[in-house]
Peer 1: 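If you scroll down you'll find the structure; I have some questions about it.
By convention in this document, chain letters (A, B, ...) are assigned in the order of the sequence lines, proteins followed by strands, and residues within each chain are numbered from 1.
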There are 2 protein chains.
Amino acid sequence: MATLKDVARTAGVSVASVSRVLSNQPQVSDALREKVLAAAAHHSFRPNAVGRALRGTGTRTIGLVVSDLLNPFFTELARAVEDAAREAGYLMIVGNADERPEQQDLYVRTLLERQVDGLIVVPTVETSPLLREAADLEQHLVLLDRPASEVHAPLVSSDTSDAVSQLVDYLVTTGRQNIGVLAGPQYAGTAHQRLEAVREALARHGLDLPAERVWVGDYKRDSGRAQTRRMLDERTTPEALLVSNGRMALGVLDTLSHAPVEGSPLPGDLALAAIDDLDVFTLLRPSVTAIAQPTRELGRRAFGLLLDRIAGKPVESVRIPCTLHLRESTEPRRV
Amino acid sequence: MATLKDVARTAGVSVASVSRVLSNQPQVSDALREKVLAAAAHHSFRPNAVGRALRGTGTRTIGLVVSDLLNPFFTELARAVEDAAREAGYLMIVGNADERPEQQDLYVRTLLERQVDGLIVVPTVETSPLLREAADLEQHLVLLDRPASEVHAPLVSSDTSDAVSQLVDYLVTTGRQNIGVLAGPQYAGTAHQRLEAVREALARHGLDLPAERVWVGDYKRDSGRAQTRRMLDERTTPEALLVSNGRMALGVLDTLSHAPVEGSPLPGDLALAAIDDLDVFTLLRPSVTAIAQPTRELGRRAFGLLLDRIAGKPVESVRIPCTLHLRESTEPRRV
DNA sequence: CTGAAAGCGCTTACAG
DNA sequence: CTGAAAGCGCTTACAG
């Protein structure tokens, strides 16, 4: 590949002049500009961003590390961050931690070494010494979706409590008091919050959430299947089940539709709702009630905060409320 | 951030020695190694990959530009490439062209400027001067999933013809001769191939595929909805419809399930099959027959070819066959 | 085994 | 308006 030097030689000018022309600096004569542009075109010159970055003007690159890129929620989140980044002239590099702390740290380390101008992380686990260190070393860091303890960085997350509260109100007032939860994994900061939101909403009706009505999965589809089998085996099926994320809900549905008893128990016997709204929920029969997260808004705000941090402005954590979509899967019994 | 120079100063040695220790070169004394490691730890030293890359040892980064990252097929494809890259010690940067040629070129240009060691592209359109130029300038380029004309680069793609042939055989021998196709957009190289595969399979049975039984969408869900409405309005519904990708099939299902006539026409009246197998197809009722692409294999092979190119080995294009999954949506009429 | 020095491709004060 | 020169952080022949 041709370099500035090559272009300078064919144009018969200095590399400094070539650099000025190609970076659109105003103080250059038209004659010089013309010579340089012709030479650049002749060489199919493409600037080397590595050289430029080393000089210290930043890399115009941000990193995004998500906990699981195959999860459609994170795919859409990544997409929102990417759109915002591209509009602002930044390139986004995504790393997929796949819910593995070592892999998360591998990406964080790699991205820092590549001198990204800032980093957005959906923490896989609640605690990471590397993230803590990065924040303390004044790296530009923004947390997204999930909190991470002792990491001094702003967090952009969704607030499920209002929507959960509306959902619980609806279930209880239509006769379902015996409500169970398929919660997310301990290590994910969101799992705990969502569980608490249900507990508080129930408490407002004077109801409690005993341990035998809480199952725990890992946010993947298979755990939805496994926990549902356990629930059916234990004959402890509640009247309504609130599933902490979308993919587990698919697993639940899959197992219910293959349950030993002919026919699906929905919605007659078991009302079902998910936190996290998937495209397909409207296609299934019964369609699935869900709490939709403000996904694109989350991504957009996270990038906004990061830009502010890079620009040295003060930033604060942000919480954005979710929306409840009532569908067939929570309709009251017909009796 | 601390640099090699800082570490050298505190260790009381030269930067060359620090570099040698930190890159695990063998010819260093234990005493020196110890001093350097201590100093590096003291500074929380993190090597600057930009400095290293400029020196000319490559960036250990590859770029992947996909035509639409929100399409689960490409998400999984990206994931497969990422896994292969990570295992080989490479970082992958994804760019999402969103089916827009200018955006594809933006990413290709940006990635080349950042000195990626190689580039894998799912071409949004059949032709791109920039891609052609990149290939001709000896950049390491591999095309994935879709061909691009006049671009001198190897292609890794899936071969649907066998699976389509099996599917058509099944439909015809079980009494469905009037077969229609919802094809993909002209600009995608795969769309044409898939349509031809159906045409050839039908020809083997002495059947043809007239223009009035071919609808054209853009691989997105909404176009599945729109074309289905057209089909219903025109009262030209065939006995079986083969949809060229998964998301359009979801749109078709959505519209059929809301069709004016009560009840879904599946599978009694209209057999449905998709090219591209989505997770949810097994959850829907009827479950949806699909031709599954060897997604992970495609991603893995593409990265393999790229590594070979980078290593200077000769590489050839690869085609990998698809697999047919017969499900309820193509079951013969019960009559 | 270790160090001094050159150089990767760029940008930007500093002169003129 | 233009050029010569320094320097970003690293690696690697070249000496010793």
Side-chain angles (χ1 to χ4, degrees), chain A residues 1-40 43-61 109-117 137 139, chain B residues 1-40 43-61 109-117 137 139:
Chain A
M1 292 295 285
T3 69
L4 271 197
K5 216 159 130 190
D6 300 322
V7 177
R9 198 175 305 125
T10 31
V13 301
S14 72
V15 291
S17 293
V18 178
S19 172
R20 289 193 188 100
V21 170
L22 296 180
S23 55
N24 281 315
Q25 294 198 42
Q27 70 282 34
V28 283
S29 70
D30 287 353
L32 190 138
R33 180 179 307 279
E34 223 164 279
K35 271 190 295 188
V36 168
L37 290 179
H43 284 285
S44 301
F45 176 74
R46 207 175 295 295
N48 182 327
V50 172
R52 177 177 299 164
L54 191 55
R55 194 50 227 282
T57 36
T59 54
R60 294 240 121 199
T61 305
R109 202 175 305 115
T110 304
L111 291 168
L112 291 176
E113 289 181 2
R114 311 230 168 186
Q115 312 302 114
V116 292
D117 293 339
L137 285 175
Q139 299 285 354
Chain B
M1 292 295 286
T3 70
L4 271 196
K5 215 159 133 191
D6 300 321
V7 176
R9 198 176 301 123
T10 29
V13 301
S14 73
V15 291
S17 293
V18 176
S19 171
R20 289 193 187 101
V21 169
L22 295 180
S23 55
N24 280 313
Q25 294 197 41
Q27 70 282 30
V28 283
S29 69
D30 288 352
L32 189 139
R33 181 180 307 277
E34 225 164 277
K35 272 189 294 190
V36 169
L37 290 179
H43 284 285
S44 301
F45 175 74
R46 210 175 293 296
N48 182 325
V50 173
R52 177 177 297 165
L54 192 54
R55 195 48 228 281
T57 37
T59 53
R60 293 239 122 200
T61 305
R109 202 176 302 113
T110 306
L111 290 168
L112 290 176
E113 289 181 1
R114 312 230 168 186
Q115 312 302 116
V116 291
D117 293 339
L137 286 175
Q139 298 285 354

Peer 1: Do L32(A) and V21(A) touch side chain to side chain, with heavy atoms closer than 4.5 Å?
Peer 2: yes
Peer 1: Where along residues 4-12 of chain B does a heavy atom fall under 4.0 Å from DNA chain C?
Peer 2: none
Peer 1: When you compare the side chain of M1(B) with that of N48(B), does any pair of heavy atoms fall below 4.5 Å?
Peer 2: no
Peer 1: When you measure from the side chain of Q27(A), which nucleotide among dG3(D), dC10(D), dT2(D) comes out closest?
Peer 2: dT2(D)
Peer 1: Check whether any side-chain heavy atom of F45(A) sits under 4.5 Å from a side-chain heavy atom of V18(A), and report yes or no.
Peer 2: no
Peer 1: Determine: side-chain N/O of T3(A) to OP1/OP2 of dG9(C), distance under 4.0 Å, yes or no.
Peer 2: no
Peer 1: Given side chains that start at C-beta, do those of H43(A) and R9(A) come closer than 4.5 Å, heavy atoms only?
Peer 2: no
Peer 1: Taking the side chain of P47(B) as its heavy atoms from C-beta onward, which of dC10(D), dG9(D), dA5(C) lies nearest to it?
Peer 2: dC10(D)
Peer 1: Measure CG/N48(A) against C1'/dC8(D) and give the value in whole Å, please.
Peer 2: 13 Å
Peer 1: Whom does dG3(D) pair with, Watson-Crick or G-U wobble, provided both distances fall under 3.5 Å?
Peer 2: dC14(C)
Peer 1: For V13(A), which contact category applies under a 4.0 Å heavy-atom criterion: base, sugar-phosphate, or nothing?
Peer 2: sugar-phosphate
Peer 1: What's the CD-C1' distance between Q115(A) and dC10(D), to the nearest Å?
Peer 2: 11 Å
Peer 1: Hey, which sits more toward the 5' end of DNA chain D by its nearest nucleotide, Q25(B) or G51(B)?
Peer 2: G51(B)
Peer 1: In sequence, state the C-alpha distance, the side-chain angles, and the governing distance for S23(A) and R52(A), and then conclude on side chain to side chain donor-acceptor pair (under 3.5 Å).
Peer 2: CA-CA 11 Å; S23(A) 55; R52(A) 177 177 299 164; over 6 Å; no
Peer 1: Whole angstroms only, please: what is the CG-P distance between L22(A) and dT12(C)?
Peer 2: 13 Å
Peer 1: Is there a side-chain contact between L4(B) and L22(B) in this structure, where contact means two heavy atoms from C-beta onward sitting under 4.5 Å apart?
Peer 2: yes
Peer 1: With a 4.5 Å heavy-atom cut-off, do K35(A) and V13(A) have their side chains touching?
Peer 2: yes
Peer 1: I need the CE-C1' distance between M1(B) and dG9(D), as an integer number of Å.
Peer 2: 12 Å
Peer 1: Can you tell me if S17(B) touches the phosphate of dG3(C), counting only side-chain N or O atoms and a distance under 4.0 Å to OP1 or OP2?
Peer 2: yes
Peer 1: Please pick, from dC1(C), dC8(D), dT12(D), the nucleotide with the shortest atom-to-atom distance to any side-chain atom of R20(B).
Peer 2: dT12(D)
Peer 1: Look at S14(B) and dA4(C) and indicate whether a side-chain polar atom (N or O) is within less than 4.0 Å of OP1 or OP2.
Peer 2: no
